[in-house]
Amino acid sequence: MPARSAPEPIQPTEILNTLGEFIASPPDGTPPEVVEALVRMGGDSADPLPPLLFFEAVEQSPIAISITDARATILYVNRAFESLTGYARDELLGRNESLLSNNATPKSVYEQLWRTILARQTWSGTLVNRTKSGGDYLAELTIAPVIDRDGDLKYFLGMHRDVTKVHELEGAVHQQKARLETVLDAAPVIVALLDSAGRVILDNQEYKRLFTELKGREPAEVLRAAIGEQLGVDPFAACLEHGRAFKNIEVNLDIRGQSGARWFACSLNPVDESDASARSYFGESAQGERRLLLLANDITSRRREIERAHLENLRARLAEQQRMHGMREALAAAVYQIQVPLNVIQAAGSMLRDGVGNPEILATMLDQINESGIKALATLTAALPEEPREAGVRVNVNTLLRQVLELETQRLLAGGIVVDWRPATLLPELNGHKNQLRAMFKHLIDNAIQALRESGRPNRELILTTRPLDRGVEVEIQDNGRGITPEDRYRVFEPFHIGWRDRRGRSGMGLALAQEIVNAHGGSIEVDPDFTGGCLIRLSLNAVLADD
């Protein structure tokens, strides 16, 4: 015979409906006391809060509710409890609530839970529970003891809510906060968020480091005073009241125990926070409190490098002035010494023209001329500056050319010259004399500027090109100026050759020295004979020769 199926469980509402029908028309012979007791259980329909209403409220509550006896045996669960755990009611009734326990909850939590409820106090906390399908969820649980009329602990009322999503969101927020703090602390910039009173509410490790260096003085206040002295106004007040931001204000601090001043580039920005009160829940909120974001970048090394470069420049200018002064004195002395033999030569010439020349007198004059010439030559030789020996270092030709262009920027702009810079993307470094190469490039570009000026062209263009060679670098300096005639193509590299109309301040040694520097680097330099639109100088550079 086929097995008989289990009977359908009777629902509480069916029981209550049956009870209501029984009370409405009790069978004959039913004791009045029974009817009265059932009426009190079911409630009077005229009562605004009948006991049945309490049952329905619990049954339909969206919060999972369970009632157990004093040993945690489940006596009742509502629909939300079934939905949350995945268990049907008949699968839970008579089972211990430990059915939902998960090993992820520490034993100490359960021990504390039982100590609390057995002491007839309400316990609230969080447990990791398990559903019928084996999934975990985080239960925010409240367990309250239920005391009978005799004061005995008989039941426990449990209410719990699934807060898994809330926990995940809190974890995500915490993780994001940790990431931001990691980035903030790793930033090599001082960062501080200040409230409207100037108090620090958030900072990073660089700020804390400066706090230590200042021996407990608040860096925000120290920087505030320094910026205020620099600008003549209180930057915090201006930022708070008018929303005015300050960018890259450079200030210096003298910190006790440190050599030299510390320089900081400071920025201050207003930050308007949103209103976090309950009134802002639906989007209608007043403006929140204004904060100040203080950023300070330590630029001490950069400032010291600028100061060092400035001192080097002053030192070089003073040395150049002294050298020029010495050369002017030496040349003036040489001119004076040369003037003496010239006067003697003129006197000797006059005597010969007048026919009164005496060989002995003329011989004496020639001796004077020779002696004065030797002195003048010695004076000029002593005035020649000693050329310093420069060690070969790794150089990048693109970098040297960019530096020269920066030095020549004012002259190029004043001459209306358009520069077309065509560097090779990747250019090999070579072992060379950096200062000599830089001076050579400057002279070649100066020549191009002079050629463009003397050409009278309205459109003036300078093209600089670099390209790698197998074992070196090639550089082209091209201009659309007056150009170099074919007969002068080789003469321009001869010492003291000057081909300019304006010869002031020119010795004619520039291209000769350029050729010497190129030769020292194992390369070559030439004027392109086929270029007709001006002048194209092409040079190649390799490593510095070994004996250099």
Side-chain angles (χ1 to χ4, degrees), residues 302 305-306 308-310 312-314 316-317 320 390 392-469 472-484 492-493 500 502 505-506 509-518 520-521 523-528 531 533-542 544:
R302 190 184 76 186
E305 183 65 23
I306 292 174
R308 188 196 63 77
H310 181 62
E312 288 292 331
N313 183 48
L314 288 177
R317 290 175 61 184
E320 181 67 16
E390 183 182 359
V393 295
R394 303 297 293 177
V395 297
N396 185 291
V397 172
N398 280 344
T399 301
L400 296 182
L401 281 170
R402 275 194 297 266
Q403 292 172 350
V404 173
L405 285 176
E406 290 177 3
L407 293 174
E408 299 281 23
T409 297
Q410 294 299 327
R411 295 188 62 203
L412 291 167
L413 292 175
I417 300 171
V418 177
V419 178
D420 187 358
W421 172 230
R422 302 176 182 177
T425 304
L426 294 175
L427 200 63
E429 291 187 345
L430 53 89
N431 199 43
H433 294 157
K434 183 185 297 185
N435 292 331
Q436 290 184 8
L437 291 174
R438 191 185 290 113
M440 178 191 69
F441 289 137
K442 184 179 185 304
H443 178 77
L444 295 177
I445 292 176
D446 284 341
N447 276 357
I449 294 174
Q450 182 66 19
L452 289 167
R453 284 179 176 175
E454 293 192 358
S455 70
R457 292 178 181 269
N459 298 321
R460 303 173 182 179
E461 187 177 33
L462 174 64
I463 302 175
L464 301 178
T465 306
T466 63
R467 60 179 62 92
L469 299 176
V473 173
E474 183 178 80
V475 180
E476 289 184 353
I477 300 176
Q478 173 185 331
D479 65 76
N480 61 342
R482 52 178 290 191
I484 297 175
V492 292
F493 294 103
W500 305 111
D502 184 3
R506 298 185 178 276
M509 291 295 295
L511 286 177
L513 292 175
Q515 188 174 48
E516 182 179 333
I517 293 171
V518 169
H521 288 78
S524 62
I525 183 171
E526 65 171 354
V527 177
D528 190 336
F531 186 78
C535 178
L536 172 59
I537 292 181
R538 183 181 295 108
L539 60 95
S540 64
L541 298 169
N542 299 308
V544 180

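Being a predicted model, the structure only gives us computed values, none of them experimental. The residues of the chain are indexed from 1 along the displayed sequence. Values below: every heavy atom of this structure, side chains too, minus hydrogens, waters and symmetry copies.
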Inset, instruction - Using side-chain hydrogen bond (donor to acceptor under 3.5 Å, both in side chains) as the criterion, list what pairs up with R460, not counting sequence neighbours. - result: none
Inset, instruction - Kindly give the heavy-atom pair with the smallest separation between E526 and F493, and that separation in Å. - result: CA-CZ, 4.3 Å
Legend entry - By side-chain hydrogen bond (donor to acceptor under 3.5 Å, both in side chains) - contacts of E474 (at least two apart): R467
Legend entry - Spacing of CD1 belonging to I463 relative to CG belonging to L536, to within rounding of 0.5 Å: 9.0 Å
Inset, instruction - Measure the CG-CG distance between L469 and L427 for me, rounded to the nearest 0.5 Å. - result: 9.0 Å
Legend entry - Residues forming a side-chain hydrogen bond (donor to acceptor under 3.5 Å, both in side chains) with S524, sequence neighbours excluded: S540
Inset, instruction - Count the heavy atoms of every other residue, nucleotide or ligand shown that sit under 6.0 Å from CG of D420, and state whether that count exceeds 12. - result: yes
Legend entry - Polar side-chain atom of D479 near backbone of L452 as donor-acceptor pair, under 3.5 Å: no
Inset, instruction - Locate the shortest heavy-atom distance separating A424 from N398; write the atom from each residue and the value. - result: O-ND2, 3.1 Å
Legend entry - N-O pairing of E305 and R308 below 4.0 Å: yes
Inset, instruction - Check the pair D446 / R411 against side chain to side chain contact (heavy atoms under 4.5 Å, CB included), numbers first and verdict last. - result: CA-CA 9 Å; D446 284 341; R411 295 188 62 203; 2.5 Å; yes
Legend entry - Rounded distance (nearest 0.5 Å) linking atom CG of L430 with atom NE2 of H521: 7.0 Å
Legend entry - Of L444, V404, I477, the residue whose pairing with L464 passes side chain to side chain contact (heavy atoms under 4.5 Å, CB included): I477
Inset, instruction - For residues I449 and E408, determine if any side-chain heavy atom of one lies less than 4.5 Å from a side-chain heavy atom of the other. - result: yes
Inset, instruction - Please report the shortest heavy-atom distance between T466 and P423, naming the atom on each side. - result: OG1-CA, 3.2 Å
Legend entry - Distance (rounded to the nearest 0.5 Å) between R438 CZ and M440 CE: 11.5 Å
Legend entry - V395 versus K434, closest heavy-atom pair with distance: CG1-CB, 3.8 Å
Legend entry - Separation of L539 CG from E476 CD (nearest 0.5 Å): 9.0 Å
Legend entry - Residue pair R402 / W421, side-chain heavy-atom distance below 4.5 Å: yes
Legend entry - Min side-chain heavy-atom separation I517-I525 under 4.5 Å: no
Legend entry - L426 atom CG, neighbour heavy-atom count above 12 within 6.0 Å: no
Inset, instruction - Working to the nearest 0.5 Å, report the span between OG1 of T409 and CG of L407. - result: 7.5 Å
